[in-house]
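Report on the structure given below.
These values consider heavy atoms only, across backbone and side chains, with no hydrogens, waters or symmetry-generated copies. Counting convention: from 1, in listed order, for ligands and their atoms alike.
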Amino acid sequence: MAFAVENEAFFDLPPFQLRLVHGALPGTLADELMTHLPAALPWYQARLQLFGQWHWSPRLQCWLGDPGTAYRYSGHEMRPEPWPAILQSVRECVSELAGTAFNSVLCNWYRHRRDSMGWHSDNEPELGPAPLIASLTLGEERRFQFRRTGERRLFAGIDLPHNSLLIMPPGLQANYQHQLPKTRRSDGDRFNLTFRRIETATA
Ligand SMILES: O=C(O)CCC(=O)C(=O)O
Ligand SMILES: [Fe+2]
């Protein structure tokens with residue numbers, strides 16, 4: 001079930017409710033980010049090992065955070081890069097909307113419709129047992145999908161338009177997985193910034 005109030009929509013993934021805020025950032029800031037994110041962030045393409053074979057990750061990414069927010073991901077210690085000036089007000093705006101003091105962000109750049117992210121949940125131990133994750137989309141609209149952990153059947157899909165913020169509440173990650181599949185529909189650049197709070201931060 002889904003319903004909308006003014007600039008927000010709510011989606012039930014029982015027993016959790018997701019909140020999608022439309023027009024999350026001032027429009028001029030969202031447009032400015034579209035122009036400047038490619039050069040302003042330290043993007044790279046990761047190499048991933050899958051069933052013994054090495055592949056290029058189907059997207060660009062980078063990890064930003066406060067000092068002390070190192071993070072283990074697929075067995076690698078990820079040292080965050082510092083926050084660039086262009087993201088300071090974005091971080092404040094997203095923290096305010098989500099009511100959470102985020103100290104790190106994973107940035108993803110989907111360059112075209114064949115870029116994607118496979119099924120997973122954001123359940124790294126550094127995030128604590130029940131993290132709240134706030135996911136900001138800029139650029140091309142793409143569909144974000146959910147399934148219950150341990151099931152193959154698709155449970156829900158939510159279209160994430162430009163300048164929207166999806167708030168995934170505490171508890172969701174332990175019970176649902178999500179993915180961003182390839183698509184045939186849209187083909188432009190999409191940036192996604194998933195704001196997180198590393199509970200084990202040392203600084
Ligand atoms: O691109 C998205 O909307 C999702 C990204 C994501 O799931 C993640 O960074 O963990
Ligand atoms: Fe995720």
Item to check | Ring-face cation of Arg142 near Tyr110 (centre distance under 6.0 Å, axis angle within 45°) | outcome: yes
Any non-hydrogen atom of [X] lying under 4.0 Å from ligand 1?
X	value
Arg196	yes
His120	yes
Arg190	yes

Checklist entry - Is it true that a side-chain atom of Thr100 and a backbone atom of Ser95 form a donor plus acceptor pair closer than 3.5 Å? => result no
Item to check | For Phe144, the ligand 1 atoms whose distance to one of its heavy atoms is below 4.0 Å | outcome: 3 (O), 4 (C)
Checklist entry - Which ligand 1 atoms, with their elements, are less than 4.0 angstrom from a heavy-atom of Tyr110? => result 1 (O), 2 (C), 4 (C), 5 (C)
Scan side-chain atoms only and decide if [X] and [Y] contain a donor-acceptor pair under the 3.5 Å cut-off.
X	Y	result
Ser116	Arg59	no
Trp109	Asp115	no
Asn192	Ser135	yes

Item to check | All pairs passing ring pair (Phe, Tyr, Trp, His ring centres under 6.0 Å) where residues 16-41 contributes a residue, at least two apart | outcome: none
Item to check | Protein N/O/S atoms closer than 2.8 Å to the Fe ion (ligand 2) | outcome: His120 NE2, Asp122 OD1, His178 NE2
